[in-house]
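Worksheet for the structure shown next.
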Amino acid sequence: MCGIAGVIAFQEELYAQSRIFEEMQASIIRRGPDQKGILLTEHAALLHTRLSVIDPELGRQPMQFSDAQETYTIVYNGELYNTNEIRQMLIEKGYHFETHADTEVLLKAYAAFGEKCVDLCNGIFAFAVWEHKRERLFLARDRIGVKPLFYHLTPERLVFGSELKAILAHPSVPHEIDMNGISQLLLFGPGRTPGCGVFRGMEELKAGCCAYYTQEEGLQTKCYWKLEAKEHTDNFRQTAEHVRYLLTDAIRRQLVSDVPLGTFLSGGLDSSLISSVAAREFSKDGRELHTFSVDYRDNDKYFQKSKFQPNSDPAYIRRMQEYLGVHHHWTVIDTPALAKALFTAVDARDLPGMADVDASLLLFCGEIRDEVTVALSGECADELFGGYPWYRDPEIRAAYGFPWSQSTEYRMTFAKPEIAELLRQRGDVDREYRATLERTALLAGESPTEQRMREMMRLNLDWFMQTLLDRKDRMSMYNALEVRVPFCDYRIAQYLYNVPWEFKEHGGYEKGLLREAMRDYLPEEILWRKKSPYPKTHNPNYLTAVTQLLESRLQNPHAPILQIVKREALEQLMYCEESVQWYGQLMTKPQTIAYFAQLDYWMEKFNVKVCL
């Protein structure tokens, strides 16, 4: 994986601005510490930082190609999992290749097919291609939105980048938030409205979209892929067989790497399946798979069972280690390190995030990176197969609003009175929830349950899953670790979108279809283990630590957060005994306190100006 950024400005010459571009590039060097490059022309600057995974010697970027009609330059962040098929197609059209890198394949696919090249791609990607003679920029992002691509557009220029910090490094981009940004932070955070970059004027190219930018027409975006509602004609046995094929094919494709590769292993269904398929593939070549798990110091002492987390991971991880015969690595995190990493996680995400859920992953990825450069993870299975409680509980499922964030009124109590009034007038949460339902593709004649399950999947893919993908990308890439997510193969998403709910819940089990399709890959106790979310610390010292952290920041009478949040609300959060669910089961009271500490740090770090 890599970092990309760039500036297109038709009204000025860019040759004299090399220092600005170097600063933008330096801001994302952690995404790609192996190599860096800049293309600079009169009206275009393309920037790249490379993490070498495929063809380290010859895959340098920006990469350029010329044919009789045009000269093309690409900067690309991602991996194509069907590189060989596209390369063969291009060879048959007369193209020749000098590298093994998927970058060259993608570049020449664009030269051959233009914007239609994205229809050929199975992978995770965000890329930009500059056409030198036509002076036209093409931008594209993968179907599911695994790889990020932000931009800031004014009449004078387009500035884009893999991360917000790269764009904010350009002096023309203001570090401001308006009421929309405040709404994102207080009512949606750590999630974001699709396409919103929180900062004023900052946007993100949406998943499954591409765009052209020219002097004459400005920025023209289009959606090249979306989920389609179709009749599902496979019976259960055929469905299970096809799911098995799609998942094993996705995992095998994503094991290709010229650098060391391993897998996350939580002892849950999803990561265990990926590790099992990977271990079998590695054994064919006589290789030993490396797997990685995270735990917290003293969690064995303080772990508390709950409806959402019925058991802890270590015993199941050890069972999988024994079953697979892998080389396993443990990372154990203690409270001081976790609290300290909260602000580093903001540095990585460029926004306040999922508190210790982010920070622990950041520390975990740092440990993994000592052993491998690429890892496979089990994110997104629950969104596609209906594994979350809000899919399966009829009462929660029927409730109006985002099921993981039924806390709008509570969140509103933190806003200063004049801001709370404006937020109520805007009605952002209600509007965005309704808009998501309206863009859900439905099939005429389906039962209310099936229609609701399509809505639930659309809500999860557009919102909850994107928050998790943001987290995974930023925390891993901050450590120059490439994390691949096989369940995000768009073929799986499209197929599962049309599978009936009774199939997904086969046997009355959460993700029953997935368990049945892959049953011979796991021991029984793992195959039928009840879902347990990403592990978090249960040590009471963590609540003390984050409370002290927020207290420390509020000692400043001019703490930036106090421009939008009431001090007394923060004090009540810290000192009153109350149950809090800020963002589902992942963010309760300790994580909510940490979120506000992160918010204040973020506002200070970026010198954020509030514009009401």
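Just so you know, these numbers use all the heavy atoms, side chains as well, and skip hydrogens, waters and symmetry mates.
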For Tyr542, all residues meeting side chain to side chain donor-acceptor pair (under 3.5 Å), sequence neighbours excluded: Asp356
Test item: Leu570 and Ile593 side chains (from C-beta on) under 4.5 Å apart, heavy atoms: no
Parallel, tilted or perpendicular: ring planes of Phe21 versus His170, cut at 30 and 60 degrees: tilted
Value rounded to 0.5 Å, distance of CE in Met179 from CZ in Arg426: 5.5 Å
Single hit among Arg474, Lys472, Arg349 for salt bridge (charged side-chain N to carboxylate O under 4.0 Å, His left out) with Asp358: Arg349
Nearest-0.5 Å distance, OG1 of residue Thr544 to CG of residue Leu549: 12.0 Å
Tyr595 and Trp582 aromatic ring geometry - parallel, tilted or perpendicular at 30°/60° bounds: tilted
Lys589 and Ser579: CA distance, side-chain angles, deciding distance, side-chain contact (heavy atoms from CB on, under 4.5 Å) verdict: CA-CA 7 Å; Lys589 181 172 181 175; Ser579 175; over 6 Å; no
Heavy-atom side-chain proximity of Gln215 to Arg136 below 4.5 angstrom: no
Chi angles and distances behind the salt bridge (charged side-chain N to carboxylate O under 4.0 Å, His left out) call for Arg19, Glu22: CA-CA 5 Å; Arg19 182 177 296 276; Glu22 290 169 0; 5.5 Å; no
No-hydrogen, no-angle side-chain donor-acceptor test under 3.5 Å, Ser360 and Tyr296: yes
Tyr151, Phe160, Trp130, Phe10 screened by ring-ring contact (aromatic ring centres under 6.0 Å, His included) with Tyr213, the one that passes: Phe10
Nearest heavy atoms of Ala9 and Leu14, plus distance in Å: CB-CD2, 4.0 Å
Basic-acidic side-chain contact under 4.0 Å: Glu204, Arg192: yes
Rounded distance [0.5 Å steps], CD in Glu455 versus CD in Gln451: 7.0 Å
Check against side-chain hydrogen bond (donor to acceptor under 3.5 Å, both in side chains), Ser183 and Asp428: CA-CA 7 Å; Ser183 177; Asp428 292 336; 2.7 Å; yes
CA sep, side-chain torsions, deciding dist, call: Glu421, Gln425, side-chain hydrogen bond (donor to acceptor under 3.5 Å, both in side chains): CA-CA 6 Å; Glu421 179 59 29; Gln425 293 174 12; 3.1 Å; yes
Between Asn460 and Trp390: side-chain donor-acceptor atoms closer than 3.5 Å: yes
Test item: Val483 and Met475 side chains (from C-beta on) under 4.5 Å apart, heavy atoms: no
Nearest non-hydrogen partners of Asp142 and Gly123, listed with the distance: CB-O, 3.6 Å
Residues in side chain to side chain donor-acceptor pair (under 3.5 Å) contact with Tyr400, at least two apart in sequence or another chain: Asp430, Arg434
Aromatic plane relationship, Tyr388 with Tyr391 - under 30° parallel, 30 to 60° tilted, over 60° perpendicular: parallel
Heavy-atom side-chain proximity of Pro190 to Arg471 below 4.5 angstrom: no
side-chain hydrogen bond (donor to acceptor under 3.5 Å, both in side chains) assessment of Trp602 paired with Asp350: CA-CA 7 Å; Trp602 172 79; Asp350 299 331; over 6 Å; no
Close side-chain approach of Asn122 to Asp489, heavy-atom, < 4.5 Å: yes
side-chain hydrogen bond (donor to acceptor under 3.5 Å, both in side chains) evaluation trace for Tyr583 with Thr592: CA-CA 9 Å; Tyr583 202 72; Thr592 307; over 6 Å; no
Beyond-backbone contact of Leu158 with Leu137, side-chain heavy atoms, under 4.5 angstrom: yes
Asp347/Lys165 salt bridge by N-O under 4.0 Å criterion: no
Check: Cys196 main-chain N/O paired with Thr193 side-chain donor or acceptor under 3.5 Å: no
Closest heavy-atom pair and its distance - Ala415, Leu186: CB-CD1, 3.9 Å
Approximate separation, where rounding is to 0.5 Å, of Cys2 SG and Arg50 CZ: 6.5 Å
Stepwise side-chain contact (heavy atoms from CB on, under 4.5 Å) check, Arg553 with Ile561: CA-CA 9 Å; Arg553 298 205 64 83; Ile561 195 176; over 6 Å; no
Side-chain donor-acceptor pair present, Thr436, Asp462, cut-off under 3.5 Å: no
Donor on one side chain, acceptor on other, Glu551 and Tyr575, under 3.5 Å: yes
Rounded distance [0.5 Å steps], CG in Leu384 versus NZ in Lys504: 7.5 Å
Backbone N/O of Ile28 and side chain of Thr49: donor-acceptor pair under 3.5 Å: yes
Contact check, side chains of Thr221 and Cys209, non-hydrogen atoms, under 4.5 Å: no
Single hit among Tyr433, Phe402, Trp404 for ring-ring contact (aromatic ring centres under 6.0 Å, His included) with Trp463: Phe402
Nearest heavy atoms of Leu573 and Glu578, plus distance in Å: CA-OE2, 3.5 Å
Gap between atom CD1 of Ile124 and atom OH of Tyr490 - 0.5 Å precision: 14.5 Å
Test item: side-chain donor near acceptor, Gln591 and Thr588, under 3.5 Å: yes
Donor-acceptor contact below 3.5 Å, side chain Arg141 vs main chain Val146: no
Pair Arg31 + Asp473: basic N to acidic O under 4.0 Å: yes
Polar contact flag, side-chain donor to acceptor under 3.5 angstrom, Gln17-Glu12: yes
Under-4.0 Å salt bridge between Arg424 and Glu409: yes
Steps toward side-chain contact (heavy atoms from CB on, under 4.5 Å) verdict (Phe188, Val198): CA-CA 11 Å; Phe188 293 98; Val198 180; over 6 Å; no
Worked check of side-chain contact (heavy atoms from CB on, under 4.5 Å) between Arg452 and Arg397: CA-CA 8 Å; Arg452 184 55 176 166; Arg397 190 167 69 209; 4.1 Å; yes
Side-chain ion pair, Glu482 and Arg484, N-O less than 4.0 Å: yes
Plane angle bin for Phe138 and Phe127 - parallel if under 30°, tilted between 30 and 60°, otherwise perpendicular: tilted
Sub-4.5 Å side-chain heavy-atom contact between Ile20 and Pro171: yes
Heavy atoms of other groups near Lys566 NZ, more than 12 under 6.0 Å: yes
